[in-house]
S.K.: 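Below you will find the structure I want to go over with you.
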Amino acid sequence: MILAFSTSSFNSLVHDFHDVRHYGDSKKELRHMCPVLNKFGDLFLAHGKEKHLFLCLTHRHFQLKDGEKKVAKQESNEIHIKPLPENEAASSIPYMFLPIKADGKPGLVPLEYVIPSDDQHKAELEEAIEAACDEVFLEAFAELAKQEKVERIYGISLKCRYNLACDEDTETTLEMPGAGPRSLVVKVMKAEGLKDTFRDVTTVGWYFTKDKHSSKSLFNTFCDHPNICVHHGCYNHCIHCLHSSH
């Protein structure tokens with residue numbers, strides 16, 4: 001079900017960010033994608049995946065070199081992301097996947113990895129991966145992606161990928177360039193004022209919850225800037241967050 005990782009798969013299957021950002025919200029006009037997102041949301045809810053998984057816009061900001069993986073690691077209350085040689089990433093676990101058909105059967109191509117912070121985090125990641133390895137769900141995901149002409153555009157991520165201490169009422173996380181040329185760092189910061197600071201954002205992930213009135217999906221967002229990424233897991237604090245159009 002989970003296919004072997006390869007650098008060539010990452011570089012060839014994952015689109016450059018600038019080529020796919022229009023599937024998110026680069027011009028704050030996400031509404032043209034609402035019908036598609038609603039369909040994926042209803043799919044996640046119908047299969048009971050909203051607890052463990054969320055929909056993501058698969059993209060890359062740089063290519064990997066032979067023998068590398070893109071790996072996230074938590075240090076204190078920050079996440080540091082960079083390419084690592086596979087021998088240094090031996091303890092990492094995949095958290096972002098691209099669903100594809102392999103030999104006529106659904107499979108998950110691992111794209112990005114995280115080093116678990118402890119045994120409990122490892123168990124949570126493994127539980128979420130088990131939820132993702134649902135052949136019926138992946139068949140339905142692939143069929144919807146084909147129907148909406150978004151194959152290789154949207155993928156699946158694990159909600160438990162990070163364990164940052166973040167007050168959802170007042171804080172959010174900010175992903176920005178790290179110390180090296182191919183590195184990123186995710187930091188917790190105050191949410192107030194972000195809307196005025198980051199005007200050009202692209203939504204790259206959607207959490208789904210059920211509207212108690214209509215039982216339809218509502219989606220929450222976290223957003224990505226070409227150089228600075230603003231991530232949101234809380235509906236009330238999204239820079240650009242839309243209700244389902246149902």
Side-chain angles (χ1 to χ4, degrees), residues 14-15 17 20-60 72 94-99 108 111-112 114 128-129 131-132 134 137-138 140-162 164 166 168 172-175 186 191 194-195 198 200-212 214-225 229-246:
V14 182
H15 296 283
F17 169 74
V20 295
R21 63 179 307 188
H22 59 282
Y23 288 97
D25 190 25
S26 60
K27 297 181 179 179
K28 298 188 179 182
E29 296 175 352
L30 180 61
R31 295 183 186 277
H32 72 286
M33 291 305 296
C34 275
V36 176
L37 295 172
N38 288 333
K39 291 177 182 179
F40 275 106
D42 290 342
L43 177 67
F44 275 61
L45 293 175
H47 292 267
K49 303 304 179 183
E50 71 277 9
K51 176 183 175 181
H52 293 106
L53 311 176
F54 67 90
L55 184 73
C56 63
L57 178 65
T58 60
H59 66 280
R60 56 175 167 77
Y95 72 86
M96 181 183 293
F97 303 91
L98 180 66
L108 292 169
L111 302 179
E112 300 185 16
V114 62
I129 289 174
D134 179 336
F137 168 65
L138 293 178
F141 188 105
E143 182 61 31
L144 179 57
K146 181 178 181 180
Q147 173 187 316
E148 298 297 333
K149 297 180 172 58
V150 290
E151 294 171 290
R152 292 178 50 207
I153 300 296
Y154 294 117
I156 296 169
S157 284
L158 311 184
K159 291 180 73 173
C160 62
R161 66 206 184 286
Y162 305 151
L164 293 174
C166 182
E168 292 187 347
T172 186
T173 56
L174 197 68
E175 182 180 281
V186 180
L194 285 183
K195 183 175 181 180
F198 303 103
D200 183 21
V201 294
T202 299
T203 308
V204 296
W206 298 267
Y207 293 359
F208 299 105
T209 56
K210 185 174 292 186
D211 182 352
K212 64 181 180 181
S214 68
S215 295
K216 293 292 186 178
S217 62
L218 300 176
F219 53 84
N220 304 335
T221 69
F222 56 95
C223 309
D224 186 3
H225 187 272
C229 304
V230 185
H231 295 255
H232 304 270
C234 175
Y235 178 83
N236 293 326
H237 296 93
C238 293
I239 285 179
H240 186 69
C241 190
L242 299 171
H243 278 286
S244 163
S245 61
H246 283 296

S.K.: Measuring from atom CZ of Arg152 to atom OG1 of Thr58, what distance do you get when rounded to the nearest 0.5 angstrom?
M.R.: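 Reported to 0.5 Å precision, the distance equals 8.0 Å.
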
S.K.: For the backbone of Val14 and the side chain of Arg60, can you confirm whether one donor and one acceptor N or O come within less than 3.5 Å of each other?
M.R.: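 Indeed, once roles are kept as given, a pair shorter than 3.5 Å links the two residues.
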
S.K.: Do Cys56 and Ile156 touch side chain to side chain, with heavy atoms closer than 4.5 Å?
M.R.: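 Sidechains of Ile156 and Cys56: no contact.
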
S.K.: If you look at every heavy atom in Lys39 and Gln147, which pair is closest and at what distance?
M.R.: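 Closest heavy-atom pair between Lys39 and Gln147: NZ-NE2, 3.9 Å.
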
S.K.: Let me confirm one number: the CG-NE2 distance from Leu98 to His15, rounded to the nearest 0.5 Å.
M.R.: 8.5 Å

S.K.: Heavy-atom distance under 4.5 Å between the side chains of Glu112 and Arg161, does that happen here?
M.R.: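 Side chain of Glu112 against side chain of Arg161, heavy atoms only: no contact under 4.5 Å found.
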
S.K.: Using a 3.5 Å distance criterion without hydrogens, assess whether the side chain of Lys49 forms a donor-acceptor pair with backbone atoms of Ala131.
M.R.: yes

S.K.: If you take all heavy atoms of Cys160 and Ala128, which pair is closest and at what distance?
M.R.: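 Result for this residue pair: SG-CB, 4.0 Å.
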
S.K.: With a 4.5 Å heavy-atom cut-off, do Lys146 and Glu151 have their side chains touching?
M.R.: yes

S.K.: Are Phe44 and Trp206 near enough that their ring centres are under 6.0 Å apart?
M.R.: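 No: the rings miss the under 6.0 Å criterion.
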
S.K.: Between atom CZ of Phe141 and atom CG of Leu55, what is the distance when rounded to the nearest 0.5 Å?
M.R.: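 Phe141 CZ to Leu55 CG: 5.5 Å, rounded to 0.5 Å.
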
S.K.: When rounded to the nearest 0.5 angstrom, what distance separates OG1 in Thr209 from NZ in Lys51?
M.R.: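 Between atom OG1 of Thr209 and atom NZ of Lys51 there are 15.5 Å.
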
S.K.: Within a strict 4.5 Å, meaning less than it, do heavy atoms of the Tyr95 and Leu111 side chains meet?
M.R.: no

S.K.: Is there side-chain contact between Phe97 and Leu53, with heavy atoms separated by less than 4.5 Å?
M.R.: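 They are not in contact (no side-chain heavy atoms under 4.5 Å apart), so the answer is no.
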
S.K.: Any idea which heavy atoms bring Val20 and His59 closest together, and the distance?
M.R.: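 That would be CG2-CB, 3.8 Å.
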
S.K.: Measure the CG-CZ distance between Leu45 and Phe40 for me, rounded to the nearest 0.5 Å.
M.R.: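 If we round to the nearest 0.5 Å, Leu45:CG and Phe40:CZ are 13.5 Å apart.
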
S.K.: Can you check whether Tyr154 reaches Val36 side chain to side chain, under 4.5 Å on heavy atoms?
M.R.: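 Side-chain contact under 4.5 Å: yes.
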
S.K.: Yes or no on side chain to side chain donor-acceptor pair (under 3.5 Å) for Glu50 and Tyr207, after CA distance, side-chain angles and deciding distance?
M.R.: CA-CA 7 Å; Glu50 71 277 9; Tyr207 293 359; over 6 Å; no

